[in-house]
Amino acid sequence: MREGYEGTGPGAITPDGCAVDLYTRLPVRDEPDIIAAAVPPGARILELGCGVGRVTHALLDRGFTVTAVDESPQMLERVRGARTICSPIEDLDLGETFDVVMLASFLVHAGDVEVRRGLLRTCARHVADGGCVLIQREGEDYHTNLPRERVDPSGFTLRMVSAQPVGDGVDSVRAEYVFPDVTWTQTFLSRPLSREQFEGALGEAGLEVDRYLTEDRIWVRAVPMT
């Protein structure tokens, strides 16, 4: 388990506190639509932090070729139809490039600055000339609009319970996923990033914003600096 991360509930728990069985239950939302609208049809995608393949499988169904990376072998066991690689993202160097590199699940908000830098360097290292990096950011009120909850149409409730400062601009965030038959929790470290801080972090890795893909600026299309 990574320091500062914890998960509770049945089944395997990954080093960042994610419950594998939980992620097999979570529905696909609008992520595939956002991704497909931002990249060429049939693109080769490197998906960093793929989990159980929730988005992977939807992208495969749309005709994309996906290389799926996760540090959890238990997560990767659930992925079907994609090339899979078990590795921490920040250590990855495949010696090849892709039309699209995807860093979703708010991973860019890693509490450890060096981990974040490693994640973005991995993105920059693997994006082809003329390609792009798709990044999912936290919403700008994610650490202040608390507690809050959302009832999903599929039948579970997501509760964002708290975000407690632990120093150096990092919060310890607690989330609860409540199903009729079981509850999972996750505690993780997250560093809020303003738009300016986020764009500065991209610049450190040789990337820049091409455009924000959603009105809330949660999804971003970045490209290598010219």
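Between the CD atom of E176 and the OG1 atom of T187 there is a distance of 9.0 Å, given to the nearest 0.5 Å. The distance from the OG atom of S172 to the OH atom of Y5 is 9.5 Å, given to the nearest 0.5 Å. Atoms OG1 and CG, on T214 and D33 in that order, are 12.5 Å from each other to the nearest 0.5 Å. Atom SG of C86 and atom CD of E77 lie 9.5 Å apart (nearest 0.5 Å). One distance of note links OG1 of T56 with CG of D70; it measures 9.0 Å at 0.5 Å rounding. Between atom CD1 of residue I13 and atom OG1 of residue T8 there is a gap of 7.0 Å, rounded to the nearest 0.5 Å.
At distances below 3.5 Å, at least one donor-acceptor pair connects side-chain atoms of R125 with backbone N or O atoms of L92. In this structure, the side chain of H109 engages the main chain of R191 through a donor-acceptor pair within 3.5 Å. Under the 3.5 Å distance criterion, the side-chain polar atoms of D171 are left unmatched by any main-chain donor or acceptor of S190. E114 places no side-chain N or O within donor-acceptor distance of the main-chain N or O of D112, the cut-off being under 3.5 Å. Side-chain N or O atoms of H57 include one that pairs as donor or acceptor with a backbone N or O of R80 at under 3.5 Å. Side chain of D99 to main chain of R44: a donor-acceptor pair is present (N/O by atom type, distance under 3.5 Å, no hydrogens or angles).
F156 does not carry R25 over the face of its six-membered ring by the limits of under 6.0 Å from the centre and within 45° of the normal.
Between D93 and R121 there is no salt bridge, since no side-chain N of the basic residue sits under 4.0 Å from a carboxylate O of the acidic one. Taking 4.0 Å as the cut-off between side-chain N and carboxylate O, R137 and D216 do not count as a salt-bridged pair.
At least one side-chain heavy atom of T226 sits under 4.5 Å from a side-chain heavy atom of E208. Between V209 and L202, the closest side-chain pair of non-hydrogen atoms falls below 4.5 Å. Side-chain contact check for L46 versus L94: some heavy-atom pair is nearer than 4.5 Å. At a threshold of 4.5 Å between non-hydrogen side-chain atoms, the residues D152 and L26 do not count as touching.
With a 6.0 Å radius and a threshold of 12 heavy atoms from other residues, nucleotides or ligands, D181 has its CG atom above the threshold. Atom CZ of R29 is surrounded by 12 or fewer heavy atoms from other residues, nucleotides or ligands within 6.0 Å.
Hydrophobic cluster of L134: the remaining members, joined at side-chain heavy-atom separations below 4.5 Å, are I34, I35, V39, I45, V55, L59, L60, F64, V66, V100, M102, F106, Y142, L213, I218, W219, listed by chain and number.
Using a 4.5 Å cut-off between side-chain heavy atoms of Ile, Leu, Val, Met, Phe, Trp and Tyr, with links allowed through other members, L76 and L22 fall into different hydrophobic clusters.
Each of H143, Q186, E138 was scored for a side-chain contact (heavy atoms from CB on, under 4.5 Å) with V173, with one residue passing: H143.
By the salt bridge (Lys or Arg N to Asp or Glu O under 4.0 Å) test, R211 is found to be paired with no residue, residues two or more places apart in sequence or in another chain being considered.
Applying the side-chain hydrogen bond (donor to acceptor under 3.5 Å, both in side chains) test to pairs two or more places apart or on separate chains, those with a residue in residues 14-24 are T14-D16, D21-R78.
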